[in-house]
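Inspection log for the structure reproduced underneath, given as structure tokens.
Because the structure is a prediction, the values reported are computed rather than measured.
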Amino acid sequence: MQLWLIPILPLAGFILNGVFGRKLSKAVINTIAVGSVLLSFLWVLKTLSALGAFSGGLEQTYKEQYFSWIQSGALNIGVDFAVDRLTAVWLMVVTGVGLLIHIYATGYMAHEGGYYRFFAYLNLFMFFMLVLVLGANFLLLFVGWEGVGLCSYLLIGFYFLEKFATDAGNKAFIVNRIGDFGFVLAIFLIGNHFKTLDFTTVMEQVKTMPIESSIGWMTAIGLLLLVGATGKSAQIPLYVWLPDAMAGPTPVSALIHAATMVTAGIYMIARSAQIYLHSSMALDLVAIIGIATAFVAATIGLCQTDIKKVFAYSTVSQLGYMFVGLGTGAFSAGVFPVMTHAFFKALLFLGAGSVIHALSGEQELSKMGGLRKKIPITFITLMCAGVAIAGVPPFSGFHSKDAILAAAYEHAPWMYWVGVFTAGMTAFYVFRALFLCFFGEYRGDLDTSHGHDAHGHDAHDAHGGHGHSGIHESPAVMWIPLAILALLSLGGGYIDIPKYLAPMFGDPHEGEAWLMYVSVASGLAGIGIAAWFYLLSPAVPEALARGFATPYRWLLNKYFVDEFYDSTVVNPMIDGSRVFLWKVADVRIIDGAVNGAGTVARATGSLLRLAQSGYIRNYAAWVVGGSILVIAYMGLRGSF
């Protein structure tokens with residue numbers, strides 16, 4: 001099937017645009033960047049069709065072995081690609097949604113500098129994500145894992161002349177390295193214990209092992225894998241990088257949040273399902289971290305004023321839901337939202353980008369309003385995303401959310417109720433953003449001379465040179481992907497992923513009907529309260545903010561978690577590095593040793609050079625003196 005062609009096509013796009021892009025026209029750059037992803041998507045369709053993935057086949061893993069990479073004793077790690085039903089889901093999401101994001105980006109980035117560099121990075125991102133999901137062993141997965149981490153750093157910090165962008169890129173890179181340390185340790189343990197890193201072989205061995213009721217090999221591996229997953233999929237305590245990832249261009253936000261990087265942790269845990277099923281402790285911790293993250297992120301999203309930050313915390317919360325599905329043992333339910341979330345979250349971010357494009361870079365909700373008649377296509381498509389993520393039946397979010405909440409109730413009823421309350425908050429803050437953006441009166445500055453985009457560029461230069469007085473709908477190259485994603489957001493839930501994955505994870509659990517009614521009611525209540533606050537009685541939220549000033553300040557400032565990390569981790573490490581590693585270890589010990597050796601050598605040389613003065617009298621004196629010393633020494637020893 002030549003699986004290697006799937007990732008190699010975007011890699012070719014990266015090489016062509018990265019090496020020659022500076023000399024190419026934008027039309028050629030677009031053709032290379034979009035064309036490479038399109039060909040990859042088409043090859044995915046051809047491959048999955050040939051394997052019977054769309055017609056009930058692919059019940060066994062299809063593998064292609066290319067060459068041995070590392071061989072040491074019994075350990076043999078090959079560069080092998082494999083496809084099963086789980087891989088098929090990710091291949092369709094990554095290449096399909098990724099293609100729409102690439103097309104959209106050709107319009108959004110049309111007037112930005114570094115055009116060729118941007119699309120080279122996007123193609124590289126696609127390459128590494130495809131390696132991640134196609135890799136047949138943990139080490140190849142880790143190669144793709146690290147690759148998407150690199151690309152996130154490059155794309156989040158794309159506006160590298162701006163300090164906020166480089167800070168955000170560094171933050172994403174460093175926080176993910178913390179999680180990756182746990183992942184690396186897990187790989188070492190797997191290799192040491194199973195003498196292989198191949199997924200199929202490892203999981204077959206795990207099936208024969210007893211379920212651990214206390215800490216053992218499976219628990220240790222599961223917990224370390226979870227550390228890696230919390231970093232990549234932005235869960236407590238390593239979620240703090242993802243909201244700051246908004247510093248990159250909006251298509252980057254959509255690619256990271258919807259189709260690629262943040263779902264890598266979900267994929268890794270689902271791929272390691274047998275390990276977690278053999279450790280109740282690790283499995284329970286996945287669910288607990290997930291529900292805690294979903295709730296905390298949702299509360300923060302209630303008060304954010306930047307439209308992209310609202311959707312960013314929504315991503316963190318939705319990922320928490322997926323962890324709940326995985327942690328309750330309903331792996332197919334946990335994977336289901338990966339697809340639906342890719343549809344409506346890509347739509348939310350790209351739609352937000354369309355709003356930002358229309359307003360020449362404005363992102364503050366307080367400076368929007370009344371835009372539904374100015375940009376009607378963006379308005380309609382974003383409302384489709386809103387009803388989907390709110391879980392309104394029969395749209396996509398309803399199907400995927402209901403499956404997780406049913407599994408949560410069977411596992412632990414309290415998780416269900418926290419999830420239901422979180423669903424209500426999600427509906428509230430998403431529609432809060434939509435109502436503030438599209439309804440009421442426009443609250444922005446109509447004087448274009450004061451407009452700046454999110455990257456500090458002048459409004460006349462941002463995204464086509466349109467100022468606020470020229471509010472405009474996005475071009476077709478941007479709104480057509482929005483329309484496609486809107487259709488998928490509305491109807492994508494009917495793609496029955498849990499049933500499709502049943503051969504791998506068992507039949508999906510059917511919850512009682514009242515569980516669904518309660519969760520739907522919670523979402524509708526969230527929408528209703530948002531409409532009351534921001535359409536009917538705009539003074540109410542302001543009064544609540546004044547009446548509950550302290551809780552509001554905590555939510556607005558994200559519980560001061562970043563400040564806490566700065567004071568307890570970042571600053572002590574910087575100060576410790578400056579005081580001990582620099583002034584003591586480097587200056588006094590290392591430099592002192594090196595400089596001291598040089599000083600001793602110089603002093604010794606200065607003394608010895610006196611023996612080579614060039615004066616015969618001095619040489620005679622040295623000979624006489626040396627003779628006297630030798631005679632004296634011999635005399636003392638009684639040698640005469």
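A tilted orientation is assigned to the rings of F431 and F435, their planes being inclined by 30° to 60°.
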**Message:** One pair to check against side-chain hydrogen bond (donor to acceptor under 3.5 Å, both in side chains): Y559 and T299. What are the steps and the verdict?
**Reply:** CA-CA 10 Å; Y559 295 112; T299 60; 2.7 Å; yes
**Request:** Begin from the C-alpha positions of S279 and T219 and carry the test side-chain hydrogen bond (donor to acceptor under 3.5 Å, both in side chains) through to its verdict.
**Result:** CA-CA 5 Å; S279 172; T219 300; 2.8 Å; yes
**Request:** Would you check, one step at a time, whether the test side-chain hydrogen bond (donor to acceptor under 3.5 Å, both in side chains) holds for K345 with S314?
**Result:** CA-CA 9 Å; K345 187 49 60 69; S314 168; 3.1 Å; yes
**Request:** Check the pair H411 / D284 against side-chain contact (heavy atoms from CB on, under 4.5 Å), numbers first and verdict last.
**Result:** CA-CA 9 Å; H411 182 76; D284 287 342; 3.3 Å; yes
**Request:** Quick one: do K63 and D84 satisfy salt bridge (charged side-chain N to carboxylate O under 4.0 Å, His left out)? Show the steps, please.
**Result:** CA-CA 9 Å; K63 183 184 291 186; D84 58 13; over 6 Å; no
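Legend: residues meeting salt bridge (charged side-chain N to carboxylate O under 4.0 Å, His left out) with D167, ordered by chain and number and at least two apart, are K163. A search for salt bridge (charged side-chain N to carboxylate O under 4.0 Å, His left out) contacts involving D180 returns R177, not counting sequence neighbours.
For F54, the CZ atom is densely surrounded, since the number of other residues' heavy atoms within 6.0 Å is greater than 12. Shown here is F194, whose CZ atom has more than 12 heavy atoms of other residues, nucleotides or ligands within 6.0 Å. By the neighbour-count criterion of 12 heavy atoms within 6.0 Å, atom CD of Q205 is densely surrounded, having more than that number from other residues, nucleotides or ligands. A 6.0 Å sphere centred on CH2 of W217 holds more than 12 heavy atoms belonging to other residues, nucleotides or ligands. For CZ of F560, the number of neighbouring non-hydrogen atoms (other residues, nucleotides, ligands) closer than 6.0 Å is greater than 12. For F421, the CZ atom is loosely surrounded, since the number of other residues' heavy atoms within 6.0 Å does not exceed 12. By the neighbour-count criterion of 12 heavy atoms within 6.0 Å, atom CG of L487 is densely surrounded, having more than that number from other residues, nucleotides or ligands. Other residues, nucleotides and ligands place more than 12 heavy atoms under 6.0 Å from the CE atom of M209.
At least one donor-acceptor pair closer than 3.5 Å links the side chain of Y321 to the backbone N or O of G419.
Put simply, the side chain of I236 does not reach to within 4.5 Å of the side chain of T230, judged on heavy atoms. A heavy-atom distance below 4.5 Å is found between the side chains of I389 and L348. Contact of the D244 side chain with the F164 side chain is not registered, since no non-hydrogen atoms from C-beta on lie closer than 4.5 Å. For the pair V335/W90, a side-chain contact is recorded, criterion being any heavy-atom separation below 4.5 Å from C-beta on. Side-chain atoms of S40 and M126, non-hydrogen and from C-beta on, never get closer than 4.5 Å to each other.
Note: L326 CG to M268 CE = 10.5 Å, rounded to the nearest 0.5 Å.
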